[in-house]
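Because the structure is predicted, anything quoted here is derived from the model rather than measured.
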Amino acid sequence: MLGSPSNHSLLNTATFILLGVPGLEIAHFWLAIPLSAMYAIALLGNIIIVTVIWTDSALHEPMYHFLCVLAAVDIVMATSVTPKMLSIFWSGNGIIGFAACFTQMYIVHATTAVETGLLLAMAFDRYIAICKPLHYQTILTSQTMMGMGMAILARAITAMTPMTWMVVHLPYCASHVVPHSYCEHMAVAKLACADHMPSSLYSLVVSFIIVGIDVTFIATSYSLILQAVFRLPSRDARVKALNTCGSHVSVMVLYYLPAMVSIYMAWLGQEIVPLHAQVLLADFYLVIPPMLNPLIYGLKTKRIRERVWNAVTANLPDHVCQSSVKEEKTHSSVHNGTQ
């Protein structure tokens with residue numbers, strides 16, 4: 001029962017309290033150190049990817065557009081949870097308002113849905129580039145890219161809005177203590193005084209459908225790509241194609257495997273998987289892929305690696321020369337003043 005409107009309004013102006021990692025409170029300080037480092041690397045790496053692709057007209061191609069959007073989504077995903085997690089780990093401040101909690105929940109789930117759509121789009125891009133290279137420019141036009149982007153965003157919003165709506169409208173009349181480091185859907189829904197199974201079941205079914213469809217198409221794309229690659233006459237062409245696809249596959253494994261393990265661990269319960277293990281996996285799943293994605297693409301994608309290196313080396317000589325000129329002028333002034 002939701003109770004009277006006044007009581008319901010009062011509850012919705014209250015707050016939740018995030019515990020961090022239940023059972024490992026004594027280790028929060030030590031967890032904050034690697035989390036801070038990973039978040040800093042994720043921000044720096046993804047900002048570099050976005051900046052390089054955005055400013056270099058030579059990289060304005062479909063594959064790099066997808067990488068740019070993926071990096072931006074990674075920044076949003078990591079930033080939606082990490083600052084609050086660090087606040088909990090550093091100072092123990094786990095208080096979060098109802099509106100902020102459900103907003104965080106929506107952003108986390110929506111960005112994960114967008115990311116899986118982007119990985120599918122990148123697999124499609126590689127399939128066209130390798131299996132149908134002569135039609136690449138005619139298939140992946142600006143209009144097609146825009147349509148794919150809008151479809152990915154619309155799917156995420158359509159899938160995640162009902163789930164968040166169901167959780168928001170549950171009555172929270174008992175404990176508001178969330179045994180998690182962020183407002184994870186299952187952890188919050190279990191605090192409700194009413195039956196939370198409809199929203200939890202919806203979350204499981206939707207995630208299974210989205211991930212299942214995307215992984216099926218991705219696997220099909222890369223099986224066709226591998227067949228085409230091994231038919232290439234040039235060994236260098238085969239190596240180049242495999243290197244490009246290898247970075248994509250690495251990111252996909254890094255993304256999908258922990259995601260599915262995290263979802264099913266939450267359903268198995270504490271009797272099978274300890275709560276602190278569930279929370280740690282869910283926490284680092286939202287930070288580790290955003291941290292490693294730019295590193296993988298930076299190391300594996302030659303053109304991005306070259307652009308970043310050129311940008312660094314182009315600025316170093318100017319800086320060194322300017323410093324040398326300043327030092328020389330200072331030395332001359334001092335020398336003339338002593339004469």
Side-chain angles (χ1 to χ4, degrees), residues 12-51 68-116 118 156-157 160 163-164 167-168 172 176-189 191 254-255 258-259 262 266 275-295:
N12 281 338
T13 58
T15 58
F16 284 117
I17 301 174
L18 298 167
L19 288 184
V21 184
L24 294 181
E25 288 84 359
I26 195 171
H28 276 180
F29 176 83
W30 301 108
L31 288 172
I33 296 173
L35 184 65
S36 301
M38 287 188 288
Y39 181 54
I41 295 170
L43 283 182
L44 179 62
N46 285 294
I47 288 172
I48 289 173
I49 293 289
V50 171
T51 304
C68 184
V69 177
L70 180 67
V73 171
D74 280 341
I75 292 172
V76 174
M77 180 191 295
T79 303
S80 68
V81 296
T82 310
K84 186 59 185 177
M85 281 196 282
L86 289 175
S87 173
I88 298 169
F89 293 163
W90 286 120
S91 65
N93 179 18
I95 297 175
I96 184 170
F98 266 49
C101 182
F102 292 119
T103 300
Q104 184 189 68
M105 182 190 300
Y106 184 82
I107 292 173
V108 167
H109 290 286
T111 52
T112 53
V114 169
E115 184 143 340
T116 183
L118 286 171
I157 293 173
M160 297 306 157
M163 182 196 73
T164 307
V167 181
V168 168
Y172 297 93
H176 286 188
V177 178
V178 183
H180 215 290
S181 303
Y182 64 92
C183 290
E184 193 269 335
H185 167 252
M186 293 280 287
V188 174
L191 299 178
L254 183 68
Y255 176 78
S262 178
L275 181 58
H276 68 268
Q278 297 179 31
V279 174
L280 280 175
L281 179 61
D283 287 352
F284 286 105
Y285 160 69
L286 295 175
V287 182
I288 291 177
M291 176 191 70
L292 293 181
N293 284 354
L295 297 177

Participant: What are the two closest non-hydrogen atoms of Ser181 and Ile88, and how far apart are they?
Facilitator: O-CD1, 3.5 Å
Participant: Does the side chain of Val188 come within less than 4.5 Å of Cys101's, by heavy atoms?
Facilitator: yes
Participant: Mind checking whether Phe102 and Phe16 have parallel, tilted or perpendicular rings, split at 30° and 60°?
Facilitator: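 Correct class here is perpendicular.
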Participant: As an exercise, state the distance from CD of Glu115 to CG of Leu70, rounded to the nearest 0.5 Å.
Facilitator: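 Result: 5.0 Å between the selected atoms.
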Participant: I want to check something: taking the side chain as every heavy atom from C-beta on, are Val279 and Pro22 in contact at a cut-off of under 4.5 Å?
Facilitator: yes
Participant: Assess the residue pair His176 and Thr15 against the criterion (side chain to side chain contact (heavy atoms under 4.5 Å, CB included)); give the C-alpha distance rounded to whole Å, side-chain angles, the decisive distance to 0.1 Å, and a yes or no.
Facilitator: CA-CA 7 Å; His176 286 188; Thr15 58; 5.7 Å; no
Participant: Looking at Thr112 and Val108, would you say the former's side chain and the latter's main chain have a donor-acceptor pair under 3.5 Å?
Facilitator: yes
Participant: So, taking the atom named CH2 in Trp90 and the one named CZ in Phe29, what distance separates them when rounded to the nearest 0.5 Å?
Facilitator: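 Trp90 CH2 to Phe29 CZ: 4.5 Å, rounded to 0.5 Å.
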Participant: Give, for atom CE of Met85 and atom CG of Leu31, the distance between the pair rounded to the nearest 0.5 Å.
Facilitator: 10.5 Å
Participant: Measure the OH-SG distance between Tyr106 and Cys183 for me, rounded to the nearest 0.5 Å.
Facilitator: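 Here the rounded value is 16.0 Å.
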Participant: Which heavy atom in Met38 sits nearest to a heavy atom in Ile288, and how many Å separate them?
Facilitator: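 Taking every non-hydrogen atom into account, SD-CG1, 3.7 Å.
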Participant: If we only count heavy atoms from C-beta on, is the Asn93 to Lys84 side-chain gap below 4.5 Å?
Facilitator: yes
Participant: Flag the pair Asp283 / His180 as yes when at least one side-chain heavy-atom distance between them is below 4.5 Å, and no otherwise.
Facilitator: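 Yes, close enough: below the 4.5 Å cut-off.
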Participant: Is there a side-chain contact between Thr79 and Leu43, using heavy atoms and a 4.5 Å cut-off?
Facilitator: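 Side-chain contact under 4.5 Å: yes.
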Participant: Of all the heavy-atom pairs spanning Met160 and Ala113, show the shortest one and how long it is.
Facilitator: CE-CB, 4.0 Å
Participant: Exactly one of Val50, Leu44, Thr51, Ile49 should register a side-chain contact (heavy atoms from CB on, under 4.5 Å) with Ile47. Which one does?
Facilitator: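 Exactly one candidate clears the test, Thr51.
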Participant: Taking all atoms of both residues into account, what is the closest heavy-atom pair of Pro290 and Tyr285, and its distance?
Facilitator: CD-O, 4.4 Å
Participant: Measuring from Tyr39:OH to Leu286:CG, what's the distance to the nearest 0.5 Å?
Facilitator: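 If we round to the nearest 0.5 Å, Tyr39:OH and Leu286:CG are 12.0 Å apart.
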Participant: Shortest non-hydrogen contact from Tyr182 to Gln104?
Facilitator: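 Scanning both residues, the minimum pair turns out to be CB-OE1, 3.3 Å.
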Participant: Flag the pair Thr164 / His109 as yes when at least one side-chain heavy-atom distance between them is below 4.5 Å, and no otherwise.
Facilitator: no
Participant: Give a yes or no on whether the backbone of Val21 and the side-chain of His28 come within a donor-acceptor separation of less than 3.5 Å.
Facilitator: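 Here the side-chain-to-backbone pair exists.
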Participant: Do Phe89 and Ile33 have side chains that get closer than 4.5 Å, going by heavy atoms?
Facilitator: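 Answer no - side chains too far apart.
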Participant: Would you indicate whether the side-chain heavy atoms of Thr82 and Leu35 approach each other to under 4.5 Å?
Facilitator: yes
Participant: Measuring from atom CD1 of Ile75 to atom CG of Asn293, what distance do you get when rounded to the nearest 0.5 angstrom?
Facilitator: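 Those atoms lie 11.5 Å apart.
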Participant: Specify the closest pair of heavy atoms between Pro179 and Val177, including all atoms of both residues, with the distance to one decimal.
Facilitator: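 Scanning both residues, the minimum pair turns out to be CD-O, 3.5 Å.
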